[in-house]
Amino acid sequence: MEGELGQSSKEESVTAIVLILVGPPGSGKTTFCNDVTKSARRPWVRVCQDTIANGKAGTKLQCLNSAFEALKDGKSVFIDRCNLEKEQRIDFVKLGGPLVDIHALVLDLPAKLCISRSVKRTGHEGNLQGGRAAAVVNRMLQKKETPKLSEGFTRITFCQNESEVQAAVNVYSELGPKDNLPSGCFGQKTSDTKVQLGIMRFLKKVENPDKTVSENSLMGVKSSDIKVAEGKEVVERNLGPEISLDDVPTLAFPSISTADFQFDHEKASEVIVEEVEKFLNKVKIVRLVLVDLTHGSHMLSLVRAKAAKINLDSTKFFTLVGDITRLNSETGLRCTVIANAANWRLKPGGGGVNAAIFNAAGQALETATRECAGTLSPGRTVIVPLPPTSPLYEREGVTHVIHVLGPNMNPQRPNFLHNDYTKGCRILREAYSSLFENFKSLVNSKIAMKKEQPEDGLQLSDLPYDCAGTKPIDQIQNGDQKSKREGCYESESNKKCKGTSSGSVQKSSNSNMAEFTESAKKTWASWAQALYDTAMHPDRHKDSVIEISSDTVVLNDLYPKAKKHLLILARVNSLDCLADVCKEHLPLLKTIHSAGLKWAKEFISADASLVFRLGYHSVPSMRQLHLHVISQDFDSIHLKNKKHWNSFNTSFFLDSVDVIEELERRGEVTLNDERLLSMEVRCHRCRSAHPNIPRLKAHISKCQAPFPASLLQNGRLFSGTS
DNA sequence: GTTCTAGAAC
DNA sequence: GTTCTAGAAC
């Protein structure tokens with residue numbers, strides 16, 4: 001079937017398009033098709049499952065047949081059905097071929113908007129009226145799987161609001177019969193709406209357990225249910241129509257000074273709301289979340305009431321009951337920066353938020369804090385970048401902690417203000433304003449990086465602030481503590497730690513902030529395409545290739561970093577790196593692993609002293625998924641620098657066994673930060689640190705220490721005795 | 001990914 | 001002086 005498609009138009013070599021619309025009822029799929037068709041410059045046929053059987057709902061097969069016929073006629077096709085799950089799209093993607101491009105248009109509009117449109121709708125072809133719409137939309141969104149290029153799409157457009165939809169309408173209606181659109185992903189991805197639902201449930205559970213709307217009743221049919229879901233204050237505050245959870249830089253902060261420092265709640269809540277308002281007037285795209293662990297927190301309700309009174313934008317500022325150290329894992333709320341209610345010595349302990357954050361972040365935060373500041377005075381704040389090795393970074397995605405020291409009204413604690421609230425309020429204002437400004441600087445620093453790397457795909461016009469507005473560290477650190485090196489998380493033995501605060505936040509935290517915005521799919525420089533070319537055309541690389549199968553190509557690394565160093569390439573198009581890997585690739589990854597093991601065995605049979613490790617780089621330099629099979633002698637003239645060493649000997653290197661295990665368990669792979677590559681170099685056996693690569697190499701040529709226990713487990717190392 | 005090289009570190 | 005790193009160019 002695929003082979004025949006597009007044949008009739010082959011002479012003119014016109015490429016037809018199958019545009020698969022992806023969106024829940026009420027997202028505007030049909031409207032989109034109609035709008036494009038109205039002024040289209042190429043023939044389009046809309047295939048709608050709701051009406052395909054003589055105006056009534058039909059089957060997917062009928063849709064496929066109808067699309068196939070239209071393509072045979074040289075027409076382009078809209079697939080107008082929800083297509084939210086990969087499984088529902090897969091057969092339509094198969095319509096693609098040499099003369100048929102498969103595009104997706106993701107209508108990622110706010111769930112609330114889709115629900116209200118569906119509810120209001122009376123003449124919709126799918127008969128999705130009334131209260132049932134809310135149930136259906138919610139249920140569908142929970143199962144939503146964002147389309148990926150790896151499914152077989154040549155182009156995916158994401159629309160999060162009406163203006164982006166209109167832009168897409170323009171693009172497709174202006175597309176002439178012989179025109180093509182560039183491949184790739186366009187428009188930022190929003191969070192999955194199921195995450196929003198996760199938060200909604202969490203909030204209902206903790207904020208108001210008695211009046212909780214059960215999932216069943218939310219999915220029920222009464223319109224009153226929708227009222228409850230939409231009308232409840234807490235839900236409304238957190239599910240406003242403009243929210244897209246993942247992409248907005250978010251700061252989570254505790255109430256400063258109101259716990260152990262016994263600051264008056266009424267006054268503190270006033271300061272918070274006023275400072276938040278001031279900040280949000282200045283900054284466009286950020287979110288601030290006030291977090292408190294206690295159910296029915298007095299502070300949160302005071303702040304909520306005051307925020308509502310002045311109509312603070314509830315999508316930019318809201319309150320949340322939860323553990324500030326577990327926001328991502330427990331509520332799905334991703335906060336890259338969190339604030340800590342610190343003590344003046346910036347030490348762990350003391351209970352409350354400070355103890356919780358230092359506990360959760362591990363020793364790494366203590367060390368990193370020491371590198372940035374010795375002490376803090378009231379009203380001041382200091383930014384501490386979290387090392388990627390910190391559990392808080394790994395598990396929660398927190399890249400920075402900003403320590404804040406608030407005013408103290410507790411006679412038992414240092415800097416007691418003797419109930420001088422004039423001074424107290426001034427200091428508290430300073431503390432919040434400094435916190436928010438520091439947060440802003442971090443976000444700006446991320447943007448500064450994007451500005452330098454336009455190939456990342458982020459449009460400057462999308463940026464929330466003026467890129468020129470970044471401040472050097474000495475201005476933003478805003479503390480009277482002795483300023484130390486920003487961004488230092490390496491051991492004291494590293495020479496670079498001797499630096500002062502002359503560096504800038506921008507430079508040191510660029511990669512920290514890499515998660516603030518999701519960039520479009522990576523573009524690969526020409527030199528990075530060699531493996532891709534080898535995987536696609538192994539016959540052209542006969543000098544380096546040593547084995548070809550239907551799924552893999554095996555070759556010797558051109559610049560081996562050890563006595564034996566092989567690469568096993570996946571022979572799949574658009575599987576560039578681990579970030580592209582999903583559950584469907586499990587069999588392939590297992591095949592690759594077996595091929596690697598087979599070769600390791602062969603080498604070991606020739607030289608029994610060899611020990612092998614099989615794994616992937618978190619962020620490879622070369623395109624095309626490739627497994628490294630590398631002997632652990634690292635005896636090679638090509639191993640020349642820190643990056644070479646650390647790419648195989650830090651958690652940047654992900655063991656194949658662990659990748660497969662995580663893929664089975666979670667359906668995706670957790671990648672580690674590129675900053676690991678510039679960390680100090682340590683022996684992979686005895687873990688001793690070395691000042692430079694020549695000294696490290698001299699050491700590893702002699703070191704006979706046993707491998708660390710972690711490597712000896714789960715078959716991560718493979719030797720003659722394995 | 002590598003090569004080249006300026007300049008930092010020793 | 002030599003050694004080594006790190007950034008730019010490819």
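Quick note on labels: first sequence line is chain A, next is B, and so on, each numbered from 1.
Considering only side-chain N and O atoms, Lys561(A) lies under 4.0 angstrom from the phosphate OP1 or OP2 of dT2(B). Phosphate proximity of dG1(B) to His638(A): absent, as no side-chain N or O sits under 4.0 Å from OP1 or OP2. For the OP1/OP2 pair of dG1(B) and a distance below 4.0 Å, the side-chain nitrogens and oxygens of His626(A) include no atom meeting the criterion.
Of the charged side-chain nitrogens involved, none lies within less than 4.0 Å of a carboxylate oxygen, so that Asp580(A) and Lys148(A) do not count as a salt-bridged pair. Between Glu602(A) and Lys564(A), no side-chain nitrogen of the basic residue sits less than 4.0 Å from a carboxylate oxygen of the acidic one, so the salt-bridge criterion is not met. Contact check on Arg540(A) versus Asp533(A) returns a salt bridge, with a Lys/Arg side-chain nitrogen under 4.0 Å from an Asp/Glu carboxylate oxygen.
With rounding to whole Å, Lys642(A) atom NZ is found 19 Å from dG1(B) atom C1'. Protein atom CG of Leu531(A) is 11 Å distant from nucleotide atom P of dT2(B), rounded to whole Å. For the pair His644(A) NE2 and dT3(B) P, the computed distance is 9 Å after rounding to whole Å.
If you look at Phe652(A) and His617(A), their ring centroids are closer than 6.0 Å. Taking the six-membered ring where the residue is Trp, the centroids of His628(A) and Phe648(A) are separated by under 6.0 Å.
Minimum interatomic distance between Ala535(A) and Arg571(A) (heavy atoms only, all atoms of both residues): O-NE, 3.2 Å.
When heavy atoms are screened at a 4.0 angstrom cut-off, Lys640(A) is found touching the sugar-phosphate backbone but no base atom. Using a 4.0 Å heavy-atom cutoff across all strands shown, Leu558(A) reaches no nucleic acid atom at all.
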Short heteroatom pairs, N/O only, protein and nucleotides 8-10 of chain C, under 3.5 Å:
{"from": "dC10(C)", "atom 1": "N3", "to": "Trp527(A)", "atom 2": "NE1", "distance (Å)": "3.3"}
{"from": "dC10(C)", "atom 1": "N4", "to": "Trp527(A)", "atom 2": "NE1", "distance (Å)": "3.1"}

Could you go through nucleotides 5-7 of chain B and list every protein N or O atom that sits under 3.5 Å from one of its N or O atoms, giving the distance for each pair?
none

Q. Is there a ring-ring contact (aromatic ring centres under 6.0 Å, His included) between Phe707(A) and His684(A) once you walk through the steps?
A. CA-CA 7 Å; Phe707(A) 285 98; His684(A) 59 315; 5.6 Å; yes
Q.
Using salt bridge (Lys or Arg N to Asp or Glu O under 4.0 Å), reason through Lys563(A) and Asp633(A) one step at a time and then give a plain yes or no.
A. CA-CA 7 Å; Lys563(A) 281 180 182 164; Asp633(A) 47 80; 5.1 Å; no
